[in-house]
> 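Shown below is the structure under consideration.
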Amino acid sequence: MALFAAYETGLARRGGAPLISPRVVRAPGMPLAVIRIALGMAANGGFLFAMTLHVQGGLGYSPRRAGLTFVPTAVAFGVVGLNWQRLPGRWQAVVVPGGFLPAAASFAGTGLALRDGTDGGPWLLVGLTGSGAGLSFAYSPLLTRMLATVRQQDAADAGGVLVTAAQLGLLIGVAVFGAPCSWARRTVRCPVRGTPRTPCG
């Protein structure tokens with residue numbers, strides 16, 4: 001982020017046409033917002049990828065059933081994203097950092113619910129709903145506030161930077177968490193649907 005900002009600023013000073021306005025990358029809070037969004041989406045991407053491996057490779061779910069498994073996450077994310085502004089002002093000030101706490105707790109709870117290689121039962125629903133709500137609290141208010149702090153003519157550039165951070169975070173999460181998870185599925189013997197321990201892959 002720092003190198004990109006320095007390059008874009010130097011290009012603008014030389015009379016070039018920077019991809020992103022230097023005002024955007026220097027906007028108050030923008031570097032921290034990029035880091036928070038990237039880390040949050042990395043956790044989300046890694047979690048969803050690992051869950052997909054479990055429900056399809058481990059539990060043998062069909063693509064349709066596997067996709068429907070994540071509906072609670074999507075619904076919770078959408079509901080929170082559309083309604084967080086209804087919270088009292090004093091609560092809105094803490095929802096961004098506070099959103100990571102229920103998300104982390106939900107990730108841990110989901111892992112515990114699935115530790116025996118089962119489908120998690122109702123606790124999986126609780127974990128998936130909590131992760132979606134927590135990540136939405138961490139992402140939606142942050143994106144909205146950062147777009148509100150930049151100049152109107154820079155809003156498109158700011159949105160591009162933040163959305164790019166989210167996409168990169170998802171890719172990094174899949175790569176960082178997906179590689180060891182894929183390796184573990186091929187080398188570790190784990191229980192599937194209560195049967196004797198069999199290769200995860």
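Side chains are part of it too, since the values below use all heavy atoms of this structure and drop only hydrogens, waters and symmetry mates.
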> Measuring from atom CE of M41 to atom CZ of R36, what distance do you get when rounded to the nearest 0.5 angstrom?
13.5 Å

> Atom CD1 in I172, atom CG in L168: separation rounded to 0.5 Å?
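I172 CD1 to L168 CG: 6.0 Å, rounded to 0.5 Å.
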
> In this structure, are over 12 heavy atoms from other groups packed under 6.0 Å from Q152 atom CD?
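Not buried by this count: 12 neighbours or fewer within 6.0 Å.
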
> As an exercise, state the distance from CG of D119 to CG of L125, rounded to the nearest 0.5 Å.
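Here the rounded value is 11.5 Å.
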
> Residues two or more places apart in sequence or in another chain: which of them pass side-chain contact (heavy atoms from CB on, under 4.5 Å) with T144?
W84, Q85

> Could you tell me which non-hydrogen atom of L147 sits nearest to which non-hydrogen atom of A155, and how far apart they are?
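For L147 versus A155, the nearest heavy atoms are CD2-O, 3.7 Å.
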
> For the pair D154 (side chain) and V150 (backbone), establish whether a donor and an acceptor sit closer than 3.5 Å, ignoring hydrogens and angles.
no

> Quick check against the 3.5 Å criterion: does S136 have a side-chain atom that pairs as donor or acceptor with the backbone of G81?
yes

> Tell me which donor-acceptor pairs under 3.5 Å the side chains of residues 66-74 have, and how far apart each pair is, sequence neighbours excluded?
unit_1 : atom_1 : unit_2 : atom_2 : d
T69    : OG1    : R65    : O      : 2.8
T73    : OG1    : L128   : O      : 3.0

> How far does OG1 of T164 sit from CD1 of I37, to the nearest 0.5 angstrom?
10.5 Å

> Do M30 and L162 make a side-chain contact, defined as non-hydrogen atoms from C-beta onward lying under 4.5 Å apart?
yes

> Mind jotting down which residue pairs meet the ring pair (Phe, Tyr, Trp, His ring centres under 6.0 Å) criterion with at least one end in residues 100-158? Sequence neighbours excluded, please.
F47-F107

> Walk me through it: do L114 and M51 pass the test side-chain contact (heavy atoms from CB on, under 4.5 Å)?
CA-CA 10 Å; L114 300 176; M51 277 294 303; 3.3 Å; yes

> Between the main-chain N or O of F49 and the side-chain N or O of H54, is there a donor-acceptor pair closer than 3.5 Å?
no

